[in-house]
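Only one structure is covered here, and it is reproduced in the block below.
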Amino acid sequence: MSRHPTTLPGRHPDYILVSVAWPYASGPRHLGHAAGAYVPPDIFARYHRMMGDHVLMVSGSDMHGTPITVAADRLGVSARELAEENHLGIAESFRRLGLSYDLYTTTLTPIHYRVTQEFFTRLLEQGYLFQDTQPAMYDPEAQRFLPDRYVEGTCPHCGYADARGDQCDNCGRTLDPTDLINPRSKLSGATPETRDTTHFFLDLPKFQERLQTWVNAESGHWRPAVLGFVQGWLNEGLRARAITRDLDWGVPIPLEGFEDKRIYVWFDAVIGYLSASMEWAERRGDPEAWKRWWVLDADGNAPGRSYYFVGKDNIPFHAIIWPAMLMGYGGLALPYDVPANEFLTLAGQKLSSSRTYTARLPFLPEALELFDADAIRFFLTINAPESRDTDFSWDEFQRRNNDELVATYGNAVHRLLSFTQSRFGGVVPMPGPLAPEDEVMLERARATFETVGDQIEAVRLRDGLLSVMALAGALNRYLDEAAPWKTLKTDPERAATSLWTALQVISALRVLTAPYLPFSAQQLHEYLGEKGSVHALPWMFRDLPAARRLPTPQPLFRKLDDEELAGLVGRLDEETVVTGEPI
RNA sequence: GCCGACGUAGCUCAGCGGCAGAGCAAGGGACUCAUAAGCCCUUGGCCGGUGGUUCGAUUCCACCCGUCGGCACCA
């Protein structure tokens with residue numbers, strides 16, 4: 001899908017790696033995930049393609065890990081079957097949302113296994129991994145080791161009876177499973193035993209200094225919350241982290257004597273960015289192509305910029321651990337930016353895929369069943385949690401859709417295209433001499449490309465969309481001022497000139513909205529009498545030639561009335577939440 | 001408990017050293033091309049609290065209160 005439209009005059013194309021967080025294949029993702037990590041990189045990638053940059057946008061489903069094995073056991077299927085089924089569902093949702101991945105794969109591919117094992121081996125050889133034996137919780141009935149949060153018991157601090165081994169949900173304190181009073185396995189209810197187990201650890205302290213240097217150099221363009229998080233960990237001093245688990249579902253450890261252990265999900269998942277890039281290259285018949293985004297030159301400089309779009313819960317993996325792994329491996333580009341988003345909340349509560357709320361947020365398959373992808377993308381972007389948690393409510397969704405997307409932008413387009421049909425026979429009129437207000441309007445449309453472009457490049461996607469909407473607002477004001485429906489009776493040439501001017505702005509909006517609202521932008525492109533893809537256009541003002549005949553338009557978006565919305569939301573309440581664990 | 005972010009109009013959110021902003025909601029008006037959409041005007045805020053720095057603080061600093069997040073085997 002790496003389209004390379006006309007390179008903009010005088011611009012040297014960049015290599016832009018758009019790395020998107022890997023969804024955990026435990027079940028469908030919801031709107032919060034889409035707002036946090038999936039829609040933003042798509043906007044970013046689409047914009048850069050229109051700028052003529054070489055964009056590689058990769059991701060895939062994270063298929064391994066304990067939660068999937070537990071869910072699979074419960075359903076009586078294999079972990080592979082469950083993960084693959086969920087992967088297909090996630091991929092389908094992403095397709096319908098219009099996410100333009102160059103490759104959306106999984107962590108089950110041969111190439112991913114190979115690259116992960118190579119990474120492991122290289123880090124081991126370089127002395128960045130070590131073995132250590134530690135006690136861990138073991139469920140004698142289920143005959144498996146338990147992650148901390150699969151041990152439950154009474155909180156020693158507050159007496160809460162259902163505290164988890166990693167944290168007490170009641171008082172919020174961080175716990176160790178051995179702290180729990182009357183511990184029990186979440187899987188079988190049995191009393192867990194303590195057993196020693198040997199694992200490999202990533203020696204993060206060895207990277208402390210290099211990471212600090214890198215952060216100092218790079219963080220000028222990072223979001224404050226990301227820098228704060230990373231600096232917090234660095235100030236506290238990094239600790240080694242286990243990167244293997246007692247599991248049979250994961251990438252095997254490439255050493256003898258570790259057949260009953262696997263590489264842990266977070267270690268292999270981040271390697272997915274690299275292995276997916278390689279898979280993409282292989283699939284297009286140019287196996288070396290991935291290097292153009294990844295491999296440092298002789299002076300150690302990165303070939304372009306790598307962006308990692310994640311939710312804030314993923315910051316440590318992408319801004320500390322993965323950079324450390326890359327440093328240890330050597331020769332590969334470190335992240336340029338990790339534009340992590342905050343969370344989308346529902347009535348102030350963090351959205352979790354594992355808990356049910358009476359009025360909850362829809363999962364993506366449901367949302368896409370009920371609403372147009374562009375309406376969803378619009379809401380998630382105009383209300384994006386870029387600098388803090390933002391709130392989702394159905395009222396707000398309806399209002400943003402009806403009063404902003406439909407009324408301001410959709411209506412501006414529709415009133416103009418309809419007017420062209422009814423009064424000008426559907427033909428773009430020939431303009432007369434431009435009045436000063438026409439020039440001002442056109443100049444504003446041209447200037448918006450630079451404004452929005454700067455905002456998108458700074459990953460201020462919400463601001464960019466606000467700027468696009470502001471242009472639509474300015475167009476509405478221009479139209480009311482110019483009132484061609486009035487001047488038509490007194491000065492037809494003036495009316496024609498006003499309409500021509502306004503249609504040029506619509507022509508600009510078709511390009512400006514393309515990264516944000518890919519479906520309606522394409523629709524509008526066709527209403528403007530053009531064939532081909534709007535997404536292949538360069539990011540610049542595009543004339544709409546006079547005398548062109550335009551097809552009969554339909555409204556780009558539809559309003560959601562109260563009754564309809566209530567009915568749709570009511571349906572969500574009746575459904576039960578799918579199996580699965582929070583990612 | 002420790003660390004961090006946030007607290008701005010009824011609602012959702014911008015702004016972050018120099019007269020408080022937008023959209024929506026509320027009230028009024030002119031228009032009719034348009035999905036009763038769009039446009040104009042008005043109302044509406046001790047910018048969480050208390051101190052401090054400064055000629056000047058919503059903006060910088062300290063403390064307090066509140067919300068959320070992190071605290072390394074949840075990804």
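Residue numbers start from 1 in every chain, and the chains themselves are labelled A, B, ... in the order their sequence lines are given, proteins ahead of strands. Scope of the values below: all heavy atoms of this structure, side chains included, with no hydrogens, waters or symmetry mates.
Contact check, A:Arg462 against B:rC13: no side-chain N or O comes under 4.0 Å of OP1 or OP2. At the phosphate of B:rA37, OP1 or OP2 sits under 4.0 Å from a side-chain N or O atom of A:Lys559. The side chain of A:Arg423 contributes an N or O atom lying less than 4.0 Å from OP1 or OP2 of B:rC33.
Candidate nucleotides B:rC31, B:rC24, B:rU12 were compared by shortest atom distance to the side chain of A:Arg400, and B:rU12 ranks first. Here B:rC33 is the nucleotide among B:rC73, B:rC33, B:rC24 with the atom lying nearest to any side-chain atom of A:Trp485. Distance from the side chain of A:Lys486 is smallest to B:rC31 among B:rC31, B:rC73, B:rU35. Among the nucleotides B:rC39, B:rA72, B:rU32, the one closest to any side-chain atom of A:Trp233 is B:rA72.
Remark: side-chain polar atoms of A:Thr106 are paired, donor with acceptor, to backbone N or O of A:Leu108 under 3.5 angstrom. Of the possible donor and acceptor atoms, one in the side chain of A:Tyr24 sits under 3.5 Å from a partner among the backbone N and O of A:His64.
Side-chain atoms of A:Arg239 come within donor-acceptor range of the base of B:rA72, with a qualifying N/O pair under 3.5 Å.
Centroid-to-centroid, the aromatic rings of A:Tyr128 and A:Phe207 come within less than 6.0 Å.
Note on A:Leu227: nothing from the nucleic acid sits closer than 4.0 angstrom, heavy atoms only. Counting any heavy atom pair closer than 4.0 Å across all strands shown, A:Gln134 reaches a base atom. Heavy atoms of A:Leu238 sit under 4.0 angstrom from at least one base atom.
Summary of the strand contacts: A:Phe419 and A:Ile382 both lie near RNA chain B, and taking for each the nucleotide with the nearest heavy atom, the more 5' one is attributed to A:Ile382.
Comparing the C1' positions of B:rC73 and B:rC64 gives an interatomic distance of 36 Å, to the nearest angstrom.
Here B:rC33 presents its P atom at 17 Å from OH of A:Tyr478, a figure rounded to the nearest Å.
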Next item on the list: Report the secondary structure of RNA chain B in dot-bracket form, marking unpaired bases with a dot and bases paired to a different strand with |, and treating Watson-Crick or G-U pairs with both distances under 3.5 Å as paired.
Entry: ((((((((.[[[[.)..(..]]]].((((.........)))).....[[[[[..)....]]]]])))))))....
